[in-house]
Protein chains: 2
Amino acid sequence: MLTMKTKYALKALALLASVEQSEPMLIAEIAEREGIPKKFLELILRELKQHGILDSRKGRGGGYLLRRRPEDINLASIMRILDGPLAPVPCLSQTAYRRCEGCEDERTCGIRLVLKDMHQSTLKILESTTLADVALKVREAAMGSKPVARYSI
Amino acid sequence: MLTMKTKYALKALALLASVEQSEPMLIAEIAEREGIPKKFLELILRELKQHGILDSRKGRGGGYLLRRRPEDINLASIMRILDGPLAPVPCLSQTAYRRCEGCEDERTCGIRLVLKDMHQSTLKILESTTLADVALKVREAAMGSKPVARYSI
DNA sequence: CCCTAGTCTATCGGCTAAGTAGACTACCGG
DNA sequence: CCGGTAGTCTACTTAGCCGATAGACTAGGG
């Protein structure tokens, strides 16, 4: 299961990716629009900033904004920042390899052999999907499920 | 990350799948051969029995054995028993669907749309891989990494 | 009847997830 | 240069789960 932290992060980033990128958005606004506890979101956004995903400005007219273009930020990197390694077992992690304690022979470990396939396929998806893809999918889905357009009176 | 519980379960089951299926194996033996705390393994095996994966016999000559053939037991079902739903978010779970709290429109949720692809690909692998596959992979890997055969003196 | 081996309930320490509190620092406008 | 705005940081708290252990109980075999 994804942690709340990562879920909130993805929601916030998807929001930032879907709006005008030139000007910052307030923590409070993100929190309200996505239904995230403001104080908790604060921590999350700061962490993302410290890892080079976001930028921030203080004072009036401040807030958070993406540091790079949405199409240059993939989901794997975000999840790794907040939830740590993606691998199901440490001996399969690319970013934080550790030998499983008590494992005698890594090459013939059944669990490892099977999970390797699984992990590789999820990695492939998470590393190739960007915030831009997410924003696009949302727009497409919204188009498909709504009656095309709404004309004001 | 996989929990220890599931890891131990997979190891134990892979072992049972790789030996003679007609006679039971002692908890103590499984524990020792796989390096699992015996008392903890007890809980795990019992849980697997209660869910129809294993059978057991008491008294002398007793122990645990697979209830079905290794090729009829897939990894997804095992993981679900011990770790609960496999889905990264409740709204994607097949076996324990729950609406994500605070999610206004499931159809246009960006997270859901992206994770759906990922989850589907892992499900496909876990549901189609059986204990027999694991045992086979282990044998193949052992063949490949060792000098073919060992002749006794 | 007794040894063997699984069954069950309870408990425990430690850790992490999720969220909260409150003080502090920096920027912008006037 | 002052005051409000808005992000920054440290330190809790609270609940729940993970991993493991203890000990009493039940049932089968010989």
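On a predicted model such as this, the values are computed, not experimentally measured, just so you know. Letters go in sequence order (proteins before strands), and every chain restarts at 1.
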Considering just the side-chain nitrogens and oxygens of A:Tyr64, establish if one lies under 4.0 Å of OP1 or OP2 belonging to D:dA6.
no
Rounded to whole angstroms, how far apart are CZ on B:Arg60 and P on C:dG6?
13 Å
Within less than 4.0 Å of OP1 or OP2 of D:dT8, is there a side-chain N or O belonging to A:Gln50?
no
Whole angstrom is fine here: how far is it from CD1 in A:Ile27 over to P in D:dT5?
15 Å
If the cut-off is 4.0 Å, is A:Thr3 near the phosphate of C:dT16, judged by side-chain N/O to OP1 or OP2?
no
In residues 36-44 of chain B, which residues come under 4.0 Å of DNA chain C by heavy atom?
B:Lys39, B:Glu42
Apply the side chain to side chain contact (heavy atoms under 4.5 Å, CB included) test between B:Ile73 and each candidate in B:Leu54, B:Val134, B:Thr130, B:Leu66; give the one that qualifies.
B:Leu66
If you count the non-hydrogen atoms of other residues, nucleotides and ligands that lie under 6.0 Å from CZ in B:Arg60, is the total more than 12?
no
Atom CE of A:Met25 to atom P of D:dG7: distance rounded to whole Å?
12 Å
Is it the case that atom CD in B:Glu29 sees more than 12 heavy atoms from other parts of the structure closer than 6.0 Å?
yes
Please figure out whether B:Asp83 or B:Gly59 has its closest DNA chain D nucleotide nearer the 5' end.
B:Asp83
So does A:Glu23 have more than 12 non-hydrogen atoms from other groups sitting under 6.0 Å from CD?
no
Length of the CZ-P vector between A:Arg57 and C:dC27, whole Å
12 Å
Roughly how many Å is it from CG in A:Leu48 to P in D:dC9, rounded to a whole number?
14 Å
Atom CG of A:Leu82 and atom P of C:dA18 are separated, to the nearest Å, by 11 Å
Answer yes or no: does atom CZ of A:Arg98 have more than 12 heavy-atom neighbours from other residues, nucleotides or ligands under 6.0 Å?
no
Would you tell me if any nitrogen or oxygen in the side chain of A:Ser56 comes within less than 4.0 Å of OP1 or OP2 on D:dA6?
no
Looking only at N and O atoms, is any donor in the side chain of B:Lys58 or the base of D:dT26 less than 3.5 Å from an acceptor on the other one?
yes
When you measure from the side-chain N and O atoms of A:Tyr8 to the phosphate of C:dA18, is any distance below 4.0 Å, counting only OP1 and OP2?
no
Under 4.0 Å between a side-chain N/O of B:Lys7 and OP1 or OP2 of D:dG19, yes or no?
no
Report yes or no: do A:Val89 and A:Leu86 belong to one cluster of Ile/Leu/Val/Met/Phe/Trp/Tyr joined by side chain heavy-atom distances under 4.5 Å?
no
Contact nearer the 5' end of DNA chain C, comparing A:Gly61 with A:Thr6
A:Thr6
With a 4.0 Å cut-off, would you call B:Glu42 and B:Lys39 a salt bridge?
yes
Between B:Leu2 and A:Arg46, who's closer to the 5' end of DNA chain D by nearest nucleotide?
A:Arg46
For the pair made of CD in A:Glu47 and C1' in C:dA18, what is the distance, rounded to whole Å?
13 Å
Nucleotide C:dG19, atom C1' - distance to CE of A:Met4 in whole Å:
12 Å
Would you indicate what B:Leu45 reaches in the nucleic acid, counting non-hydrogen atoms under 4.0 angstrom: base, sugar-phosphate, or nothing?
nothing
Considering only heavy atoms from C-beta outward, does the side chain of A:Ile30 approach that of A:Leu16 to under 4.5 Å?
yes
